[in-house]
Number of protein chains: 2
Amino acid sequence: MSHPNAEPRARLSRDRVLEAAITLADAAGIESLTMRKLGVELGVEAMSLYRYVAHKSDLLDGMIDTVFREIDVPSGTDWRVAMRGRAESVRAVLSRHRWATGLMESRTTPGPANLRHHDAVLGVLRSAGFSIAMAAHAYSALDSYIYGFALQEPSLPFHSDEETAQAVQAIMGRFASGQYPHLTEIAVEHVLKPGYDYGDEFAFGLDLILDGLEHALHAS
Amino acid sequence: MSHPNAEPRARLSRDRVLEAAITLADAAGIESLTMRKLGVELGVEAMSLYRYVAHKSDLLDGMIDTVFREIDVPSGTDWRVAMRGRAESVRAVLSRHRWATGLMESRTTPGPANLRHHDAVLGVLRSAGFSIAMAAHAYSALDSYIYGFALQEPSLPFHSDEETAQAVQAIMGRFASGQYPHLTEIAVEHVLKPGYDYGDEFAFGLDLILDGLEHALHAS
DNA sequence: AGTCGTACGCTTACGTCGTAAGCACGTCAA
DNA sequence: TTGACGTGCTTACGACGTAAGCGTACGACT
């Protein structure tokens, strides 16, 4: 009985560290993810984490790839269904982990889950008859749109009706009325209508791109 | 002659501080922008900067809005021409300031240049006959695509032929050959071809969206 | 049963960061 | 001449990432 009432304290592991880091970033934002706080979360000193992580940016890389593992790998013969499903899945995952999109910019070494995911995307497109060049175009267009939407969504204050109203007031109130007439118009007559949800905009742009790709596929 | 050979040292000002911060971030990346280094750059102690900036995130907000001021404000009666021009302008500016896109995620208070810019975008669309709802859709789709592209572009290693080849080797070399067949295919038969430039993909997706919007405009 | 390498977590310490608080000086109006 | 104000500097604090090295407990061998 070397440790009197010491609960066994589950062993650390890279996955446990990554998991805890993601939980912490989800809850408090990426900027408040520090090695020390992560240590506290795991009941461990900060330096102990370096047994599982080479440095903080290795931790971030690992977090990103863990997030990618949450995304459904697309498959199936109907490319539209597959691409739409994957788009929704990416968006759902990125909105669960709002810090992830902004981080992608700085990480240049894709992890295995990321590679597997994108390999599957290309596989679906190629099987559907897209040429190599067209598959590359489609890949780029879809990813740009999805990531861009995910990047903007959390920074927009449109998450509930009252919150939206307050945010619009806060922004518009800073300026002379009439200074931004079109923003005002859209705020008053569109965004402030009850039931408005910015997330609904996602489908519109996605369909635009899918329609365009379908057209390009048949034209070739 | 209280300061012997002291060159007058141009007075500080918020704009000069922001300008210097942007230059520094452009050159060395946003993560190496610190108040102290910015002070050195301006020949001043770090704390002196707080006369012009409330705190660091105020500095970042200011930088973002200064960047927005570089973007051409769209105008004109041909909405397609205007939207294409604005898209190219945004992309050019964001690729000059690679740190800016990733920062947008964390900034929630848009500055005046940002508001003016987006007001002009909506103005062009409304004048062209887009309904309020459709203008909102178009705005969202275009912004998502443009920002998403800008977010991905710097993290992709496709900036010169040799650089691309090396990066592809580095990534692919980490895995058993055949593990990612479609990525390999597209790398070998598309990306590694001489003259490939990822930037060229931008136009394809942009046209997809513009075509879709045109169709939606006429259908309504 | 005894030995020992190794995996794991801890301690201490350094340099850098953002920034609070207050001081010193030059300029200019009264 | 005086004094208020604008401007920049000094000092200091707590938090950060992480380098270097220490103690210990456990599993694999003899």
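Lettering follows sequence order; numbering is per chain, from 1.
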>> Given B/His97, which partner from the list B/Asp26, B/Thr66, B/Thr23 fulfils the side chain to side chain donor-acceptor pair (under 3.5 Å) test?
In response: B/Asp26
>> It should be established whether A/Tyr52 places a side-chain nitrogen or oxygen under 4.0 Å from OP1 or OP2 of nucleotide C/dG9.
In response: yes
>> Check the phosphate of D/dG6 against B/Arg51, side-chain N and O only, distance under 4.0 Å to OP1 or OP2. Yes or no?
In response: no
> Taking OH from B/Tyr50 and C1' from D/dT10, how many angstroms apart are they, rounded to a whole number?
Replying inline: 15 Å
> Taking atom C1' of C/dT19 as reference, at what distance in whole Å does atom CG of B/Asp58 sit?
Replying inline: 14 Å
>> Under a 4.0 Å threshold between the charged nitrogen and the carboxylate oxygen, would A/Arg86 count as salt-bridged to A/Asp143?
In response: yes
> Can you tell me how far P of D/dG8 sits from CG of B/Leu38, to the nearest Å?
Replying inline: 13 Å
> Taking NZ from B/Lys56 and P from C/dT16, how many angstroms apart are they, rounded to a whole number?
Replying inline: 15 Å
>> Measuring from atom NE2 of B/His182 to atom CD1 of A/Ile132, what distance do you get when rounded to the nearest 0.5 angstrom?
In response: 10.0 Å
>> Nearest to the side chain of A/Arg36, heavy atoms from C-beta on, is which of C/dG18, D/dC9, D/dC16?
In response: D/dC16
>> Quick check for you: among D/dG17, C/dT19, C/dC10, whose closest atom lies nearest to any side-chain atom of A/Glu45?
In response: C/dC10
> Can you say whether the rings of B/Trp79 and B/Phe130 are parallel (under 30°), tilted (30 to 60°) or perpendicular (over 60°)?
Replying inline: perpendicular
>> I need the CD-P distance between B/Glu31 and C/dG18, as an integer number of Å.
In response: 12 Å
> Does A/Ser48 make a side-chain N or O approach to OP1 or OP2 of C/dC8 shorter than 4.0 Å?
Replying inline: no
>> I want to verify a distance call: between C/dG18, D/dT10, D/dA19, whose nearest atom is closest to the B/Met47 side chain?
In response: D/dT10
> Are the aromatic rings of B/Tyr145 and B/Phe202 close, with centres under 6.0 Å apart?
Replying inline: yes
> Counting side-chain heavy atoms from CB outward, which of D/dT18, C/dC8, C/dT11 is closest to A/Arg11?
Replying inline: C/dC8
> Taking atom C1' of C/dA7 as reference, at what distance in whole Å does atom CZ of A/Arg14 sit?
Replying inline: 17 Å
> Rounded to the Å, how far apart are B/Met35 CE and C/dC17 P?
Replying inline: 12 Å
